[in-house]
Amino acid sequence: MAVVDTLTQLVQQAVDAAGWELIVPPVQASKSADHGDYQSNCAFRLSKVARDKPLAIAETLAASLPQHPAISRVEVAAPGFLNLSLDTAWLGAALADQLNEPRLGVAERQGLVVIDYSSPNVAKRMHVGHLRSTVIGAALDRMARFAGHEVVADNHIGDWGTQFGKLIVAWDLWLDPAAFDEDAVGELERIYVKFSQEADGALEDRAREETAKLQEGDPRNRELWQRFLDASLAEYDKLYGRLGISFEVVYGESFYNAMLKPLVQELIDSGVAEESRGAIVIPFDKSDGKGLAETPMLIQKADGASLYGTTDLATVRYRLDTWQPTKIIYVTDTRQQHHFRQLFAACKKLGWVDEGVLEHVWFGLLSLPGGAMSSRKGNVIRLQDVLDESVSRARAVVDEKSSMLPDEERAAIAEAVGVAAVRYADLSQNPQSNVVFEWEKMLALDGNTAVFLMYSLARTCSIQARGGLPQELAPFTPEHPVERELTGALLRFPDAFDLALATNKPSVLCEYLFSLSKTFNHFYFELKVLDSTGNDRNTRTNLVEATRRVLHQGVTLLGITPLERM
Ligand code: ARG
């Protein structure tokens, strides 16, 4: 059991013994050593129920707290905190136990989770929103698997709709075959933009015809569509390969096309959808959720065409039927919040899902640095360019700092570091805030960066390489305050992980790993490890091995390649 849970349970027992009714909130790690290792603030909550001063309540709790080998001292601090100090030997034994488990103390989760992420649109370059969805989604995916969930990663690509009729017209009029061979998606995007610039009534009509033909299965249009799709997937796959991402399924919007008409009919029959001026909508009222009553969800236009939301309804239905997930998580930028609120409310109305099954993880905007990218307009960028730029900057640093390593290894390190830097710059921020990429910051050797975490990990590996670390962790006694601090930090891994998982925020994990790395470096510069003896050596080698395991697992969860030396 994680330390927080053990301690919280003890406080709960004290509260129950005193006859008060309260579900005790989890104890918190103390901010400073003179407040013990953990603190409970439940006396403040109890003071209302018990009609007494928090200080008096805390004293009662301290007196009725059960004896436990974990706790060496209980103190009450004004105005009502309960401070718990942990027994040194227990700490070392608990950490060894926790980190000898394959999940490093994280409780095993059950159930299948579908994660819908990346989801770019065919024949268009991914925009930075897709980068964030890809990077955040991949981290959530790894976290869920690590916790024991079965995961279906589904790349819900935009591969259907009226843009294909336009593309087909544009293809016939303006395609430059050489440019298509060179950069297929770039060329498709160019002719698509040209279509929007040139479009007049006649062109629009032609495009509508081509879309209709495609939907009826016209062989030539189907073949062109397949070409657009293949070219786009090939381009995306390059990026996914580089980021170490794979999906269980890539069911694009087209996959659901045949399900839409019958679904709309079913929704009408069930009374959830209704006709409104020739179109079909799902109306909402106040009880369906905030801000939903004003606009109904449009699921079929007056001309019979289906919409993005119609496909999403069919997608939910299909996923529920096929995988019986306990959760479906969507990762997109903030602009789709309203869409998902409508979708989730509709699914609830239909009785398809219980509260909490559908989750939208939305994120803010990301701006890229100027220079290499500024010649491209808007936020349409080639992600490969961003990664290349980052890798080449990383290469310069690696060449300077690690000139003794062979050229090939330096190239591999630069690739790992450059890609990790981009990923981490994104992941380490609260997803919901806007992010600006700044190369100097992203690639800094210290600070909250991927490189700093990777260096810290490599430091532990270099001690391991000298044959100095235990294979299995053994109980140890962290007597020195710096050892104790590191032990405490390592014990908090499951707590940080649980919070990151529950809130869908990889940034919580980043923050934890950053703080752990700082604590470890402090330990490393302060104390001798391999040159120490007796209890010191046992404690320190175990602590380095423990740190190695947590950092290795932690960066892997974020999608960063763990390097043994750099
Ligand atoms: N293709 C969409 C876009 O680029 C994102 C799809 C998100 N997933 C979903 N099921 N709607 O905006």
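Indexing begins at 1, ligand by ligand and atom by atom, following the structure's order. Sequence positions, counted from 1, serve as the residue numbers for this chain. The figures here come from the full heavy-atom set of this structure, side chains too, leaving out hydrogens, waters and symmetry mates.
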When you compare ligand 1 with Glu253, is there at least one nitrogen or oxygen pair between them that comes in under 3.5 angstrom? no
What is the ring orientation for Tyr117 with Phe247, classed by angle as parallel under 30°, tilted 30 to 60°, or perpendicular over 60°? tilted
Trp160 and Trp225, any side-chain heavy atoms less than 4.5 Å apart: yes
Under 4.0 Å from any heavy atom of His130, which atoms of ligand 1 are there? 3 (C), 4 (O)
If you count the atoms of ligand 1 from 1 in the order shown, which ones are under 4.0 Å from a heavy atom of Phe340? 9 (C), 11 (N)
Can you confirm, on distance only, whether ligand 1 has an N/O atom lying under 3.5 Å from any N/O atom belonging to Asn121? yes
Under-4.0 Å heavy-atom contact with ligand 1, by part of Thr315 that carries it: neither
Could you tell me which atoms of ligand 1, counted from 1 in the order shown, lie closer than 4.0 angstrom to a heavy atom of Tyr330? 10 (N)
Gln336 and Tyr308: side-chain donor and acceptor closer than 3.5 Å? yes
Taking atom 7 (C) of ligand 1 as the reference point, the nearest protein heavy atom with its distance: Tyr308 OH, 3.4 Å
Are more than 12 heavy atoms, taken from residues, nucleotides or ligands other than Asp354, located less than 6.0 Å from that residue's CG atom? no
For Asp116, the ligand 1 atoms whose distance to one of its heavy atoms is below 4.0 Å: 7 (C), 8 (N), 9 (C), 10 (N)
Do the two ring centres, one from Phe228 and one from Phe180, sit under 6.0 Å apart? no
Numbering the atoms of ligand 1 from 1, which are under 4.0 Å from a heavy atom of Thr332? 7 (C)
Check the orientation of Phe146 and Phe497. Use parallel for under 30°, tilted for 30 to 60°, and perpendicular for over 60°. perpendicular
Which heavy atom of the protein is the closest neighbour of atom 12 (O) of ligand 1, given with residue, atom name and distance? Gln336 NE2, 2.8 Å
Scan Lys505, Arg109, Arg492, Arg103 and name whichever one has a salt bridge (Lys or Arg N to Asp or Glu O under 4.0 Å) with Asp498. Arg109
